[in-house]
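Structure first, commentary second.
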2 protein chains.
Amino acid sequence: MGVRKVKAAETEAALKAAAIRVFAERGYLNTKITDITAAAGRATGSFYQHFASKEELLQALRADMREQASEAFADEAPGGPPHDLTDPGQLRAHLAVAWAVMRSNRATQGALFESAVAAGPASGELWEQLVTDTAMYREHLEYLGEQQHTLPGDPVLIAAAMGGIMSMLAYALRPGYSDFSDDEVIDAMTALLLHGLAGPGGVLPG
Amino acid sequence: MGVRKVKAAETEAALKAAAIRVFAERGYLNTKITDITAAAGRATGSFYQHFASKEELLQALRADMREQASEAFADEAPGGPPHDLTDPGQLRAHLAVAWAVMRSNRATQGALFESAVAAGPASGELWEQLVTDTAMYREHLEYLGEQQHTLPGDPVLIAAAMGGIMSMLAYALRPGYSDFSDDEVIDAMTALLLHGLAGPGGVLPG
DNA sequence: GTCTATATACAGATAGAC
DNA sequence: GTCTATCTGTATATAGAC
């Protein structure tokens, strides 16, 4: 790689890193291109040498996150059969990995969320994102269905609900104005999604 | 009331109605003040005679919705004791009313959601909105806790999760690119929140 | 490739006639 | 109170020198 390309790659990396920092502070929608370039110590014009728009930069960050996510889930279940989401340990492990990925990519995750919401309800972007991101849940639920297990509802809908609540909490829950630990959130969501409000006892005493 | 005040009230109502229409089409963040005035058949300048900003108009719409919501819930349980959310019928009724209010105020509900998200993660607005809107769930859960019922987690967190999933779905789920009926959604969420993925049977066979 | 300087575009808000 | 016309601020994107 020539020295020129190295410099370019450096700048691109600097812009991405700066974007992550400033997205975390002000949020995606509230940051201007110039906020990113300033935080990266570059000139405004340099931005467009690497990205056509803020949206395109976000897609690059999304690709990075996807890569990290698939690695994290590959570590969890290396090529094995689908998880049984009604097994407490497996459900918890799954939620814990998903939560860890979302939290370590807080800024990117939040930016994608903001972008999808800003597109408006009629665009369907948020629903599309929800369905895409929960494809793994959906598959596991469909597997359960094949095993004659009765599901609470359509696998697509249930999967979207599960993923939706996780990403909603990951976005809304910030240190400072609420003090739930990661473990507390994971435990609570595991219990809620596994046995619901009724608890592990099944049907309540009449 | 003088004729002048009548005209003013008419214009204000026209602006609110127009805002609801255009929010539903383009979303809150994507609509300009001029979109609203145009849809209402008024001049741009007239807007500021009634609202200082788009945000203030939204607060007015929120007040209208709150009023409607409290009526709906009052009809459901007129002055009675707190609901038992582990009772299938009561949980379903509760979710059904919440869903009906959100759907019949789709545009306002969506606009509030967009506004809270656009404020950025660091603002805490989305969390605040979530906690405020789920105060009723929280109280019911705390009541269950007092009855020695074991909850999946902190009432504030569980309530936020319940409300979060409902408003997320209400925003993301639109006719056209997904075809779940209201009943299907309510049934699925009732089942999920009541008994989780494991189902009403309680602990699964080993 | 990176920089400075500038052009373009548009939403928000106001001024003043009616 | 409502209108038309306009001003202001600001974010995006480009042009051209280095």
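The basis for the numbers below is simple: all heavy atoms, side chains too, and nothing from hydrogens, waters or symmetry mates. Residue numbering restarts at 1 for every chain, and letters A, B, ... go by the order of the sequence lines. The structure displayed is predicted, hence computed values, not measured ones.
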Rounding to an integer number of Å, can you tell me how far [X] [atom1] sits from [N] [atom2]?
X        : N       : atom1 : atom2 : answer
Ile36(B) : dA11(C) : CD1   : C1'   : 12 Å
Glu10(A) : dT2(C)  : CD    : P     : 9 Å
Glu56(B) : dA13(C) : CD    : P     : 11 Å
Leu57(B) : dA13(C) : CG    : P     : 13 Å
Tyr48(A) : dA7(C)  : OH    : C1'   : 13 Å
Phe47(B) : dC3(D)  : CZ    : C1'   : 16 Å
Leu15(A) : dG1(C)  : CG    : C1'   : 12 Å
Phe51(B) : dG1(D)  : CZ    : C1'   : 14 Å

[X] side-chain N/O to [N] phosphate OP1/OP2 under 4.0 Å:
X        : N      : result
His50(B) : dG1(D) : no
Ser46(B) : dC3(D) : yes
Gln49(A) : dG1(C) : yes
Thr11(A) : dG1(C) : no

Item to check | Cationic N near anionic O, under 4.0 Å, Arg92(B) to Asp183(B) | outcome: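 Yes, charged N to carboxylate O under 4.0 Å.
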Checklist entry - Going by atom types only, do Ser104(B) and Gln68(B) share a side-chain donor-acceptor pair under 3.5 Å? => result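 Yes - a donor-acceptor pair under 3.5 Å links their side chains.
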Item to check | Arg62(B) and Gln59(B): side chain donor to acceptor below 3.5 Å | outcome: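 Distance-only check passes for Arg62(B) and Gln59(B).
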Next on the checklist: Taking the ring centre of each residue, are Phe73(B) and His94(B) less than 6.0 Å apart?
Outcome noted: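 Yes; His94(B) has its ring centre under 6.0 Å from that of Phe73(B).
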[X] has a side chain; which of [options] sits nearest to it?
X        : options                  : value
Thr44(A) : dA13(D), dC3(C), dA11(D) : dA13(D)
Ile33(B) : dG12(C), dC3(C), dA13(D) : dG12(C)
Ala43(B) : dC3(C), dG12(C), dT4(D)  : dT4(D)
Arg42(A) : dT14(D), dG12(C), dC3(C) : dC3(C)

Item to check | N/O donor-acceptor pair under 3.5 Å between Thr134(A) side chain and Tyr137(A) backbone | outcome: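 Pair absent, no side-chain N/O of Thr134(A) close to backbone of Tyr137(A).
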